[in-house]
Structure formats: C-alpha cells, structure tokens
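In what follows, residues are counted from 1 in the order of the sequence shown.
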Amino acid sequence: MLEKGFNKANLNENISWLLKSLRDDTLSKRPCVFLSHKREDKYACKEIANYLKNAGIDYYLDEEDSKLQYASSVGDPIKITESIKNGIKESTHMMVVVSDKTYKSQWVPFEVGYGHASILDQEKLVSKEDRIKLSVLTLKDIAEKSLPDYLQVGYVIKGTKSLNEYISKITDRLEKSLIIEHRVFSNSQAQHPLDNVLNWQL
C-alpha cells in the first residue's frame, strides 16, 4: 500500500490498471484533491501538493497531465476542457488556490463551476460541512482580503493552521496524530514547509 499520496495526473495506463485491480480498495477510497490555480501560482501549488502528498492525500496537478500539456501547447481549448473535466471527475475534492493573479484567470471560474456541478451537486451536498468538498485556499498575499462571491461557496482555508484542519477532516485523522507521524507540521513550527506561500496564523 502506498503511504504517501501521488499525482493522479501522472498515472499511465499500466499503473491505473494495477490500482483498479488491487483487491485492497483503500487506495480508491483515499481522498484526491484537484488543485485549481493560475499558471503563475505553479510554485505555490507544487508546495501545497507536496504537503498533501506527505499527508497521504492524492492530488491532481495539471503539469503532469501529458494530454492537457499537449492540448495547451497547440492551443486546443476543447482538449484542454476535456482534460480538466476528467481530472475533476477523478477527484473527490477540489481546492482552488487563490492569489491576486487568480482574478484574471479564464480557466479557474470554469473549474469552480464544473467542480461545483460534478462534486457538490452530483452528491447532493448541501450542508455547511459538505462544502469541504469544494475548498478555497488563499495564498499569503491575499489571506486577509475578502473573496469574490463565486469563491465564497466553498470551504475557506486561509493559512497553515486551517489547512491542517482541512487535512484532518478529509483524512478523518486527528491533527495531533498527523503531527506526531510527521504527516503535517504544526502551524507554529519554525521553518514550516509552507511558510513562503501561506499565512501561518490563519
């Protein structure tokens, strides 16, 4: 069994077949977080993906999706859209990584809308707690700012403290246990791996 998470965008057919054929279906039941972001925030997303990976959470980060990268390089919006939709469908959760740059994105609003329809609406999730399936994580530069209405429909994460709480909820593990096992780091820890991208107090 894999202890760390992995990027589902990087699965080739053989690995995908192997995972589907495993009798132990714990892998298929693990949470997978689709990371929606603006291309300029790629570095921050990689850091967040590594943090999720260390906590045993799978994720979808587009840079390792060869079909999407090819479609983007040739400017094929239909294939780009198909790849994004497939990534969201393979995920149990979506996290929108938001910075000042996000507001100029053409793709993030589409991903949020599609994620809302395929993750929240399909599962008939309506309570406040259900919103954790669609989360919004604000990077350091806008952690204290208010979000536009279309992003307030999700579960808001504003820093390493609330990210740890989010991870605890979606893995159904106590944060204290995750810290003891070095799966996550206390938000007050010196030299936290996400210090450069997230506010540690929130």
Side-chain angles (χ1 to χ4, degrees), residues 1-9 19 24-37 41 43-61 87-88 90-99 111-112 115-116 118-120 122-145 147 151-202:
M1 187 168 95
L2 295 174
E3 290 188 9
K4 290 192 175 184
F6 62 94
N7 188 356
K8 281 195 172 179
L19 292 179
D24 180 359
D25 65 349
T26 53
L27 289 176
S28 64
K29 290 182 178 177
R30 289 197 323 195
C32 177
V33 178
F34 181 95
L35 291 163
S36 172
H37 63 287
D41 294 322
Y43 167 78
C45 270
K46 285 183 184 178
E47 297 297 307
I48 292 159
N50 283 334
Y51 197 73
L52 294 174
K53 177 181 179 178
N54 196 59
I57 297 170
D58 299 333
Y59 60 94
Y60 175 94
L61 186 57
I88 293 170
E90 289 292 317
S91 304
T92 58
H93 295 71
M94 173 184 271
M95 178 183 288
V96 186
V97 178
V98 182
S99 72
E111 291 171 355
V112 172
H116 196 285
S118 63
I119 293 175
L120 291 182
Q122 290 299 314
E123 296 186 28
K124 307 291 189 287
L125 304 175
V126 292
S127 75
K128 191 173 183 179
E129 282 303 305
D130 290 337
R131 291 192 309 163
I132 200 163
K133 292 275 188 175
L134 178 62
S135 61
V136 177
L137 183 147
T138 57
L139 294 183
K140 207 170 192 173
D141 62 341
I142 63 160
E144 306 285 352
K145 295 181 182 177
L147 294 167
L151 289 174
Q152 291 185 30
V153 299
Y155 177 91
V156 179
I157 303 166
K158 293 203 167 201
T160 52
K161 183 178 179 184
S162 52
L163 179 59
N164 281 353
E165 291 168 3
Y166 168 83
I167 289 171
S168 174
K169 286 181 181 184
I170 71 169
T171 59
D172 202 24
R173 305 268 326 270
L174 291 173
E175 181 182 350
K176 188 176 181 179
S177 299
L178 292 167
I179 291 170
I180 290 168
E181 294 172 20
H182 304 289
R183 294 289 190 172
V184 300
F185 297 86
S186 169
N187 65 297
S188 59
Q189 179 177 323
Q191 296 182 332
H192 192 285
L194 296 177
D195 275 345
N196 291 330
V197 295
L198 297 182
N199 183 315
W200 65 274
Q201 295 174 303
L202 300 173

To the nearest 0.5 angstrom, please state how far the [atom1] atom of [X] sits from the [atom2] atom of [Y].
X: Asn199; Y: Leu194; atom1: CG; atom2: CG; result: 11.5 Å
X: Glu90; Y: Phe34; atom1: CD; atom2: CZ; result: 11.5 Å
X: Ile142; Y: Leu147; atom1: CD1; atom2: CG; result: 6.0 Å
X: Ser186; Y: Lys176; atom1: OG; atom2: NZ; result: 12.0 Å
X: Ile48; Y: Leu139; atom1: CD1; atom2: CG; result: 5.5 Å

How far apart are the closest heavy atoms of [X] and [Y], and which atoms are they?
X: Ile179; Y: Phe185; result: CG1-C, 4.4 Å
X: Ile88; Y: Ser118; result: CG2-OG, 3.3 Å
X: Ile170; Y: Pro31; result: O-CG, 3.6 Å

Side-chain heavy-atom pair [X], [Y] within 4.5 angstrom cut-off:
X: Val136; Y: Ile157; result: no
X: Thr160; Y: Gln189; result: no
X: Ile167; Y: Arg183; result: no
X: Glu47; Y: Asn196; result: no
X: Leu137; Y: Leu198; result: yes

Among all residues two or more places apart in sequence or in another chain, which pass the salt bridge (Lys or Arg N to Asp or Glu O under 4.0 Å) test with Lys145?
->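 Only Asp100 meet the salt bridge (Lys or Arg N to Asp or Glu O under 4.0 Å) criterion with Lys145.
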Test salt bridge (Lys or Arg N to Asp or Glu O under 4.0 Å) applied to Lys46 - qualifying residues, sequence neighbours left out =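 With sequence neighbours excluded, Lys46 shows a salt bridge (Lys or Arg N to Asp or Glu O under 4.0 Å) to Glu63, given in chain and number order.
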Quick one: sort the Tyr166 and His93 rings into parallel, tilted or perpendicular, breaks at 30° and 60°.
->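 Geometry flag for His93 against Tyr166: perpendicular rings.
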Backbone of [Y] reached by a side-chain donor or acceptor of [X] within 3.5 Å:
X: Asn54; Y: His182; value: yes
X: Ser168; Y: Arg173; value: yes
X: Thr92; Y: Cys32; value: yes
X: Asp141; Y: Ser99; value: no

Mind running side chain to side chain contact (heavy atoms under 4.5 Å, CB included) on Leu151 and Val112 for me, showing each step along the way?
-> CA-CA 8 Å; Leu151 289 174; Val112 172; 4.1 Å; yes
State, without any angle test, whether Tyr59 and Asn50 hold a side-chain donor-acceptor pair at a distance under 3.5 Å.
->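 There is no such pair between these side chains.
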Looking at residues at least two apart in the chain, or sitting in another chain, which of them share a side chain to side chain contact (heavy atoms under 4.5 Å, CB included) with Lys140?
->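 Listed in chain order: nothing, the list is empty.
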Intermediate values then yes/no, side chain to side chain contact (heavy atoms under 4.5 Å, CB included), Met95 and Leu35 = CA-CA 5 Å; Met95 178 183 288; Leu35 291 163; 3.9 Å; yes
